[in-house]
Number of protein chains: 2
Amino acid sequence: MPTSAHNTSDSNAPGALLTPSEVATMFRVDPKTVTRWAKAGKISAIRTLGGHRRFHESEVRQLLTGVPEQRDPSA
Amino acid sequence: MPTSAHNTSDSNAPGALLTPSEVATMFRVDPKTVTRWAKAGKISAIRTLGGHRRFHESEVRQLLTGVPEQRDPSA
DNA sequence: TCCAACTGGGGTAATTGGGGGG
DNA sequence: CATGTCCCAATTACCCCAGTTG
């Protein structure tokens with residue numbers, strides 16, 4: 001996961017994917033912790049053909065915004 | 001990622017976050033006290049998916065700089 | 001193909017959260 | 001009222017090595 005100037009992390013891309021390290025940096029946690037969240041189902045993740053995880057940037061942002069859980073308002 | 005995978009000290013990052021113990025050390029108080037400040041709304045904090053708190057480094061720095069809000073002198 | 005960096009998995013120490021009492 | 005310390009349970013961080021990434 002390159003941190004170069006022209007890396008693939010385009011915040012504008014709607015379907016942008018982030019690596020575990022990227023998400024870890026955003027939450028100020030260890031990459032292994034992000035993996036643990038994925039295993040616990042707390043965050044959705046897709047796998048590469050080799051088994052590595054990739055996370056949706058939009059979802060990560062929402063979690064960071066402060067929306068831990070969603071309640072049905074009509075309930 | 002260039003050389004550093006996940007650096008623990010990303011003070012240059014705009015959205016840098018600090019752990020409770022980090023803030024506690026900066027203020028020379030107990031981590032529990034920092035938690036109380038967060039509960040009292042005296043300092044904004046975001047939570048990890050596991051419930052742990054992370055504080056904005058910029059906000060902490062401003063508080064340390066000595067720019068406290070006007071205390072209620074109406075007493 | 002080779003290579004440097006990142007990732008996954010397991011296991012163990014340290015930190016954190018929450019309540020209660022001083 | 002605010003802070004520091006006690007308890008325990010949960011979460012997180014760092015260690016190893018082998019495999020994937022680009």
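Side chains are part of it too, since the values below use all heavy atoms of this structure and drop only hydrogens, waters and symmetry mates. Since we're looking at a predicted model, the values are computed, not measured. Labels below follow one simple rule: chain letters A, B, ... track the order of the sequence lines, proteins then strands, and each chain is numbered from 1.
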Whole-Å gap separating P (C:dT7) and CG (A:Leu18): 11 Å
By side-chain contact (heavy atoms from CB on, under 4.5 Å) - contacts of A:Ala45 (at least two apart): A:Ala38, A:Arg53, A:Phe55
Atom-pair distance (CZ on A:Arg28; C1' on D:dT11), nearest Å: 15 Å
Any pair counted as side chain to side chain donor-acceptor pair (under 3.5 Å), so long as it reaches residues 19-37 of chain B, sequence neighbours left out: B:Thr19-B:Ser21
Axis-to-axis angle between the two ends of the helix from C:dC3-D:dG22 to C:dG19-D:dC6 (five base pairs per end, rounded to 10 degrees): 60°
Minimum side-chain heavy-atom gap B:Ile46-B:His56 below 4.5 Å: yes
Under 4.0 angstrom between B:Ser21 side-chain N/O and C:dT16 OP1 or OP2: yes
Single hit among A:Val23, A:Leu18, A:Ile43 for side chain to side chain contact (heavy atoms under 4.5 Å, CB included) with A:Glu59: A:Ile43
Spacing of A:Leu17 atom CG relative to C:dT7 atom C1', expressed in whole Å: 16 Å
Measure all distances between protein nitrogen or oxygen atoms and nitrogen or oxygen atoms of nucleotides 1-3 of chain D, and list the pairs falling under 3.5 Å.
residue	atom	partner	partner atom	Å
D:dT3	OP1	B:Trp37	NE1	3.3
D:dT3	OP2	B:Trp37	NE1	3.2

Test side-chain hydrogen bond (donor to acceptor under 3.5 Å, both in side chains) applied to A:Thr48 - qualifying residues, sequence neighbours left out: none
Whole-Å distance separating the CD1 atom of A:Ile43 from the P atom of D:dT11: 16 Å
Distance, rounded to the nearest Å, where A:Lys39 contributes NZ and C:dG10 contributes C1': 8 Å
Nearest-Å distance for atom pair CD1/C1', residues B:Ile46 and C:dG17: 16 Å
Per-nucleotide protein contact string for nucleotides 15-22 of chain D (B base, S sugar-phosphate only, - none; heavy atom under 4.0 Å): B---BBSS
Smallest separation among heavy atoms of B:Leu49 and A:Lys42, with atom names: O-NZ, 3.4 Å
Distance in angstrom units between B:Phe55 CZ and C:dT15 P, rounded: 16 Å
Phosphate contact (C:dT7 OP1 or OP2) by A:Thr19 side-chain N/O below 4.0 Å: yes
C:dT16 phosphate, OP1 or OP2, under 4.0 Å from B:Arg53 side-chain N/O: no
Residues A:Val29, B:Arg54; criterion side chain to side chain contact (heavy atoms under 4.5 Å, CB included); working and verdict: CA-CA 9 Å; A:Val29 295; B:Arg54 293 285 113 99; 3.2 Å; yes
